[in-house]
S.K.: 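Here you go, one structure.
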Amino acid sequence: MNDQFLRACRGEEVDYTPVWIMRQAGRYLPEYQKVRSKVDFLTLCKTPDLAAEVSLQPVDVLGVDAAILFSDILIPVEAMGLKLHFYEKKGPVLDNPVRDRKSVEKLVEIEPEEDVPFVMDTIKILRKELEGRVPLIGFSGAPFTLATYIIEGGGSKNYLNTKRMMYQNPQLFNDLMQRITQNVISYLSAQIDAGAQAVQLFDSWVGILSPVDYENHVFPHIKSAVKILGNKGVPIIYFVNNCAGMLDMAKKVGSDVIGIDWRIDMSRAVKRIGKKVSVQGNLDPCALFMPRERIREAAADVLNKASSARGHIFNLGHGILPETPVDNARALVDAVHELSRR
Ligand code: CP3
């Protein structure tokens, strides 16, 4: 198996810098569109054969060094008791958002094998299909990012309901975070038991918080989750979107890797993170709209700036956009492999 990704996660020597792309299975790929034209998004997530098929597409088409489970961060949230809808062009919507004690207490403690068996089935298919090829990454939303969806009932601009609960009823917010964290732990443990060889926690919206709120209301939860999951023996990646304000704390969470967005210079991020944790990132997803030659230069710049990190997994600083030309994504993967060959 190509184990460059796992080696970089652990800070071991590599032959070249491994690369994968957040949201690499998705709408920018014609192969994905073809599968998706026959089923809606949630059906795709819940049909293991199809979910496995689209997970494999970027491995075949782009030549990335890791596959990621095809699913969504909101799948376990539905299992917690909030009905989930994906409306075209509107993004996810959850019925009955949770804003009071009664609704917090109604949230279900999930049993992954019973409540979301299709996730574990997809992982098992993928491990067979990927044998001798690349490792499989499992994932979950991080507790805070899931809390925003659970409280807001969907995406949000100012996250006012979330912050209102945090400021007006911190005890309730804490209880909610604790319940979510417990579910994230059991969900990721089940993915690892089913065969996930690394797991990523997506903290996509944590960057809306002030550093002090992050420290008081989020850090203790994510830290306890990473501590427990760390005992499962697979690398843990903590993706912190908009991380600049909280990097000094995020590095203390205990993950093997910190995922960095593109708004911070990678060399400054590496300096702040130090030598105990590997880094992942951090090219601006829009850089894939540059001319091919400039993409190569931009990749070289990130590689260079991450060169003193304990380990580096090349990635975009957030998910690939649906409008991205596939050839440019492939050119990026090739450039990273060529430029970083030791
Ligand atoms: O990385 C991968 O290729 C694995 C698949 C994956 C998806 N969602 C598929 C998806 C992963 C890892 C996610 C995570 C996810 N989902 C996050 C965290 C990552 C991030 O980008 O910050 C978040 C915030 C979500 C919630 C979500 N799912 C939103 C806001 C949307 C709608 C936005 C949009 O682009 O339409 C989704 C839908 C979604 N998740 C799609 C895919 C391929 C598009 C669905 C479609 O086919 O129409």
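The analysis underlying the following values was restricted to heavy atoms, covering all of them including side chains, and did not include hydrogens, waters or symmetry mates. One-based numbering, in listed order, for ligands and for the atoms of each.
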S.K.: Considering Phe41, Phe86, Phe139 one by one, which has a heavy atom nearer to atom 39 (C) of ligand 1 than any of the others?
M.R.: Phe41
S.K.: Can you tell if the side chain of Asp65 reaches within under 4.5 Å of the side chain of His337, non-hydrogen atoms only?
M.R.: yes
S.K.: Can you list the ligand 1 atoms lying under 4.0 Å from a non-hydrogen atom of Ser204?
M.R.: 18 (C), 19 (C), 20 (C), 22 (O)
S.K.: Looking at ligand 1, would Pro92 count as a contact under a 4.0 Å heavy-atom criterion?
M.R.: yes
S.K.: Using modelled atom types and a 3.5 Å cut-off, is there a donor and acceptor pairing between side-chain atoms of Arg310 and backbone atoms of Gly274?
M.R.: no
S.K.: So, does Gly319 sit close enough to ligand 1 that a heavy atom of it is under 4.0 Å from the ligand?
M.R.: no
S.K.: Name the option, out of Ser71, Pro58, Gly26, Ala67, that contains the heavy atom nearest to atom 9 (C) of ligand 1.
M.R.: Ser71
S.K.: For the residue pair Glu111 / Ser186, report whether a side-chain donor-acceptor contact shorter than 3.5 Å exists.
M.R.: no
S.K.: Tell me whether ligand 1 is touched by Asn241 - counting only heavy atoms on the residue side and a distance under 4.0 Å.
M.R.: no
S.K.: May I ask you to check whether Asp72 has an N/O atom sitting below 3.5 Å from an N/O atom of ligand 1?
M.R.: yes
S.K.: Hey, does Gln24 come in under 3.5 Å of ligand 1, counting only N/O atoms on both sides?
M.R.: yes
S.K.: Would you check if there is a donor-acceptor pair between the side chains of Arg292 and Asn328 at a distance under 3.5 Å?
M.R.: yes
S.K.: Distance under 4.0 Å to a non-hydrogen atom of His318: what atoms of ligand 1 satisfy this?
M.R.: 20 (C), 21 (O), 22 (O)
S.K.: Please identify which atoms of ligand 1 are closer than 4.0 Å to at least one heavy atom of Ala25.
M.R.: 3 (O), 43 (C)
S.K.: Any nitrogen or oxygen of Trp205 lying under 3.5 Å from a nitrogen or oxygen in ligand 1? Just yes or no.
M.R.: no
S.K.: Classify the contact between Thr145 and ligand 1 as side chain, backbone, both or neither, using a heavy-atom distance cut-off of under 4.0 Å.
M.R.: neither
S.K.: Do any nitrogen or oxygen atoms of Ile68 come within less than 3.5 Å of a nitrogen or oxygen of ligand 1?
M.R.: no
S.K.: Other residues, nucleotides and ligands only: do more than 12 of their heavy atoms fall within 6.0 Å of CD on Glu109?
M.R.: no
S.K.: Assigning hydrophobic clusters by single linkage (Ile, Leu, Val, Met, Phe, Trp, Tyr; side-chain heavy-atom cutoff under 4.5 Å), is Val119 placed with Val108?
M.R.: no
S.K.: Can you say whether the rings of His85 and Tyr87 are parallel (under 30°), tilted (30 to 60°) or perpendicular (over 60°)?
M.R.: parallel
S.K.: Distance under 4.0 Å to a non-hydrogen atom of Tyr149: what atoms of ligand 1 satisfy this?
M.R.: 24 (C), 26 (C), 30 (C)
S.K.: Quick check on Glu323: does its CD atom have over 12 non-hydrogen neighbours (other residues, nucleotides or ligands) under 6.0 Å away?
M.R.: yes
S.K.: Please work out whether the ring planes of Tyr159 and Trp205 are parallel, tilted or perpendicular, with thresholds of 30° and 60°.
M.R.: tilted
S.K.: Give the residue, atom name and distance (to 0.1 Å) of the protein heavy atom nearest atom 4 (C) of ligand 1.
M.R.: Leu69 O, 3.5 Å
S.K.: Closer than 4.0 Å to some heavy atom of Arg36 - which atoms of ligand 1 meet that?
M.R.: 46 (C), 47 (O), 48 (O)
S.K.: Using a 3.5 Å cut-off on N or O atoms only, is Tyr32 in polar contact with ligand 1?
M.R.: yes
S.K.: What is the closest protein heavy atom to atom 19 (C) of ligand 1, and at what distance does it sit?
M.R.: Phe202 CD2, 3.4 Å
S.K.: Classify the contact between Arg27 and ligand 1 as side chain, backbone, both or neither, using a heavy-atom distance cut-off of under 4.0 Å.
M.R.: side chain
S.K.: Could you check Arg7 against Asp15 for salt bridge (charged side-chain N to carboxylate O under 4.0 Å, His left out), going step by step and ending with a plain yes or no?
M.R.: CA-CA 10 Å; Arg7 298 182 63 84; Asp15 302 329; over 6 Å; no
S.K.: Is the Phe239 ring parallel, tilted or perpendicular to the Phe202 ring (thresholds 30°, 60°)?
M.R.: perpendicular
S.K.: Verify whether one side chain among Asn169 and Arg99 offers a donor that lies under 3.5 Å from an acceptor in the other.
M.R.: no
S.K.: One residue to check: Arg23. Relative to ligand 1, which of side chain, backbone, both or neither has a non-hydrogen atom less than 4.0 Å away?
M.R.: both
